[in-house]
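Notes for the one structure printed next.
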Amino acid sequence: MKFESMRANEEVCPLCRSGHKQDGKTTFTVDLGFGVVVRDVPARVCDLCGADWISDKTAEVLEHIVEQAQINHPVVEVANWSDEVKAFI
């Protein structure tokens, strides 16, 4: 019974409608003619289908990372979330 009440409080995944969103991490990638990869980005992740969602604040930091990559214009930019957040603050 306690398990069922805990599940009721979790967000149901709108994509698969069976899984539940949980705190986790994801990898963000973008192709702008060159690649940007950011690992270990905090996200809400479905425990069944793996779909992920990021917060608005996280999206702001990712935009900053992409802007910096555009200035540097490497072939591929790979960043770790924790390192970038420290540099951003």
Side-chain angles (χ1 to χ4, degrees):
M1 184 84 130
K2 188 175 181 182
F3 179 74
E4 289 177 17
S5 64
M6 283 178 28
R7 280 291 206 186
N9 293 331
E10 294 179 1
E11 296 176 77
V12 174
C13 175
L15 299 178
C16 71
R17 295 193 169 105
S18 295
H20 295 85
K21 294 181 185 180
Q22 299 183 6
D23 290 338
K25 295 185 179 191
T26 190
T27 298
F28 173 81
T29 59
V30 63
D31 183 354
L32 302 170
F34 63 94
V36 179
V37 178
V38 184
R39 298 178 178 150
D40 298 325
V41 177
R44 300 282 289 162
V45 181
C46 176
D47 60 2
L48 185 63
C49 72
D52 52 22
W53 295 264
I54 59 172
S55 70
D56 291 343
K57 182 64 178 168
T58 299
E60 288 177 25
V61 175
L62 289 170
E63 287 175 7
H64 174 75
I65 293 168
V66 170
E67 288 170 2
Q68 290 301 310
Q70 286 176 312
I71 292 168
N72 298 337
H73 202 68
V75 174
V76 176
E77 174 81 13
V78 179
N80 288 312
W81 177 260
S82 59
D83 296 337
E84 293 300 321
V85 169
K86 288 176 190 170
F88 185 69
I89 295 175

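Because the structure is predicted, anything quoted here is derived from the model rather than measured. These numbers come from the heavy atoms of this one structure, side chains and all, not from hydrogens, waters or symmetry mates. Quick note: residue numbers are just sequence positions, from 1.
- No salt bridge links Arg44 with Asp52; every basic N to acidic carboxylate O contact stays at or beyond 4.0 Å.
- Val12 and Ser18 get closest at one heavy-atom pair: CG1-N, 4.5 Å.
- For the atom pair OG1 of Thr27 and CG of Asp40, the computed distance is 6.5 Å after rounding to the nearest 0.5 Å.
- Here the side chains of Gln68 and Ile71 are in contact, with some heavy-atom distance below 4.5 Å.
- Side chain of Asp47 to main chain of His20: a donor-acceptor pair is present (N/O by atom type, distance under 3.5 Å, no hydrogens or angles).
- Taking CD from Glu11 and SG from Cys46, the interatomic distance works out to 11.0 Å, rounded to the nearest 0.5 Å.
- Proximity of Glu60 to His64: side-chain heavy atoms (C-beta onward) are nowhere separated by under 4.5 Å.
- Nearest approach of Gly50 to Val45, heavy atoms of both residues: O-CG1, 3.9 Å.
- The nearest pair of heavy atoms linking Pro42 to Thr58 is O-CG2, 3.9 Å.
- Transitive grouping of hydrophobic side chains (ILVMFWY, heavy atoms separated by less than 4.5 Å) brings Val30 and Phe34 into a common cluster.
- Contact of the Trp53 side chain with the Leu15 side chain is registered, since non-hydrogen atoms from C-beta on lie closer than 4.5 Å.
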